Amino acid sequence: MALSAREREAVTALWRKMGNNVGVYTTEALERTFIAFPTTKIYFHHLNLTPGSKDIKAQGKKVADALTQAVDQLDDLPGALSELRDLHSHKLKVDPINFQHFGHCLLVTLARHYPGDFSPVMQASVDKFLSHVTSVMISKCC
Ligand code: HNI
């Protein structure tokens with residue numbers, strides 16, 4: 001089900017608040033993902049995944065920009081993410097479970113940085129947004 005007006009407002013308010021830090025927290029969420037769910041690392045064997053490395057920051061920035069674009073296009077997530085969906089499902093062949101691992105880690109990361117903002121409504125809203133992103137990203141899979 002689509003995000004309600006209240007849920008959209010919660011997500012966009014959090015994104016506004018993060019401002020230029022979306023890349024920083026997305027990078028941190030990636031680092032957390034690789035440690036909490038080490039099987040995710042196999043897709044990035046060609047990169048240096050040491051926390052704080054140039055590679056991981058660059059990857060974090062790319063994912064952050066895509067998520068920000070998704071927040072800006074909440075009415076058309078399939079349109080916002082279609083190229084990335086094709087890349088991840090057809091070319092990279094990312095197993096769908098990995099999107100859940102990353103989404104979970106991003107939620108935890110954001111909650112740690114914005115404890116005062118993370119009411120149950122905020123948690124549910126960000127979780128729903130990330131679930132929608134995931135379902136688009138895996139929608140052409142297998
Ligand atoms: Ni993902 C590259 C966005 C989840 C594995 N990924 C990208 C790029 C973007 C991106 C943007 C850069 C594309 C380009 O250069 O044209 N990735 C996203 C988003 C999510 C996500 C928005 C989740 C919401 N990616 C994942 C997950 C995995 C993953 C969960 C695997 C565990 N992504 C990759 C790999 C690459 C990649 C692998 C290529 C990296 C490289 O530089 O070679």
Side-chain angles (χ1 to χ4, degrees), residues 1-4 6-115 117-142:
M1 209 171 39
L3 273 74
S4 68
R6 194 180 181 208
E7 290 164 341
R8 295 160 72 104
E9 179 45 36
V11 172
T12 48
L14 183 65
W15 241 256
R16 263 197 311 276
K17 192 163 191 173
M18 281 195 278
N20 292 331
N21 283 329
V22 180
V24 174
Y25 300 140
T26 307
T27 300
E28 190 180 317
L30 274 178
E31 291 169 351
R32 179 178 279 270
T33 307
F34 295 141
I35 294 167
F37 302 99
T39 51
T40 53
K41 290 195 290 189
I42 55 168
Y43 298 95
F44 299 93
H45 54 84
H46 54 301
L47 300 183
N48 174 2
L49 298 184
T50 310
S53 73
K54 227 172 85 187
D55 284 354
I56 210 163
K57 281 185 187 157
Q59 182 65 21
K61 174 85 173 70
K62 287 182 199 171
V63 176
D65 289 348
L67 289 173
T68 298
Q69 196 180 339
V71 171
D72 288 341
Q73 275 179 256
L74 277 176
D75 284 327
D76 182 24
L77 286 184
L81 298 168
S82 66
E83 279 178 29
L84 285 175
R85 175 193 57 200
D86 292 345
L87 176 76
H88 287 75
S89 57
H90 293 154
K91 189 160 171 234
L92 299 170
K93 301 193 190 307
V94 175
D95 186 321
I97 189 70
N98 294 298
F99 289 95
Q100 286 178 36
H101 292 329
F102 171 68
H104 176 70
C105 288
L106 183 56
L107 195 64
V108 170
T109 302
L110 295 178
R112 289 186 75 242
H113 284 283
Y114 295 98
D117 294 273
F118 257 77
S119 62
V121 170
M122 178 62 85
Q123 177 185 350
S125 306
V126 176
D127 184 59
K128 195 165 173 184
F129 165 64
L130 293 172
S131 302
H132 280 221
V133 168
T134 293
S135 48
V136 171
M137 293 288 271
I138 67 174
S139 58
K140 264 196 195 165
C141 184
C142 321

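Counting convention: from 1, in listed order, for ligands and their atoms alike. These numbers were taken from a predicted model, which means no experiment stands behind them.
By the 4.5 Å heavy-atom criterion applied to side chains, F102 and T134 are not counted as neighbours. With contacts defined as side-chain heavy-atom distances shorter than 4.5 Å, the pair V108/H104 qualifies. At a threshold of 4.5 Å between non-hydrogen side-chain atoms, the residues Y114 and M122 do not count as touching.
Contact between L67 and F129 at its shortest, heavy atoms only, is O-CZ, 3.9 Å. Between E7 and A2, the closest heavy-atom pair is OE1-O, 4.1 Å.
Atom 12 (C) of ligand 1 has K62 CD, 3.5 Å as its closest protein atom, hydrogens excluded (heavy atom only). Ranking the protein heavy atoms by distance from atom 17 (N) of ligand 1 puts H88 NE2, 3.0 Å first. Here the heavy atom of the protein found nearest to atom 4 (C) of ligand 1 is F99 CE2, 3.4 Å. The protein non-hydrogen atom at the shortest distance from atom 20 (C) of ligand 1 is M137 CE, 3.9 Å. Here the protein heavy atom with the shortest distance to atom 8 (C) of ligand 1 is L84 CD2, 4.1 Å. What sits closest to atom 43 (O) of ligand 1 on the protein, heavy atoms only, is H46 NE2, 2.7 Å. The nearest protein atom to atom 30 (C) of ligand 1, hydrogens excluded, is given as N98 O, 3.4 Å; this is a heavy-atom distance. Residue, atom and distance of the protein heavy atom nearest to atom 14 (C) of ligand 1 are L87 CD2, 4.3 Å.
Donor-acceptor pairing under 3.5 Å is recorded for the side chains of T50 and N48.
If you number the atoms of ligand 1 from 1 as listed, the ones under 4.0 Å from a heavy atom of V133 come out as 24 (C).
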Throw together a table of side-chain donor-acceptor distances under 3.5 angstrom for residues 22-39, partners on residues two or more places apart or in other chains.
residue: T26; atom: OG1; partner: V22; partner atom: O; Å: 2.7
residue: T27; atom: OG1; partner: G23; partner atom: O; Å: 2.7
residue: E28; atom: OE1; partner: H113; partner atom: NE2; Å: 2.8
residue: E28; atom: OE2; partner: H113; partner atom: NE2; Å: 3.1
residue: E31; atom: OE2; partner: G52; partner atom: N; Å: 2.8
residue: T33; atom: OG1; partner: A29; partner atom: O; Å: 2.6

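When non-hydrogen atoms are compared, ligand 1 lies under 4.0 Å from neither the backbone nor the side chain of H101. Of the heavy atoms in V94, only side-chain atoms (C-beta onward) come closer than 4.0 Å to ligand 1.
Nearest-residue assignment for atom 34 (C) of ligand 1 (options F44, Y43, F37; heavy-atom criterion): F44.
For the atom pair L77 CG and L3 CG, the distance stands at 8.0 Å (nearest 0.5 Å).
Within 6.0 Å of NZ on K61 lie no more than 12 heavy atoms contributed by other residues, nucleotides or ligands.
Q59 counts as a contact of ligand 1, since one of its heavy atoms falls under 4.0 Å from the ligand.
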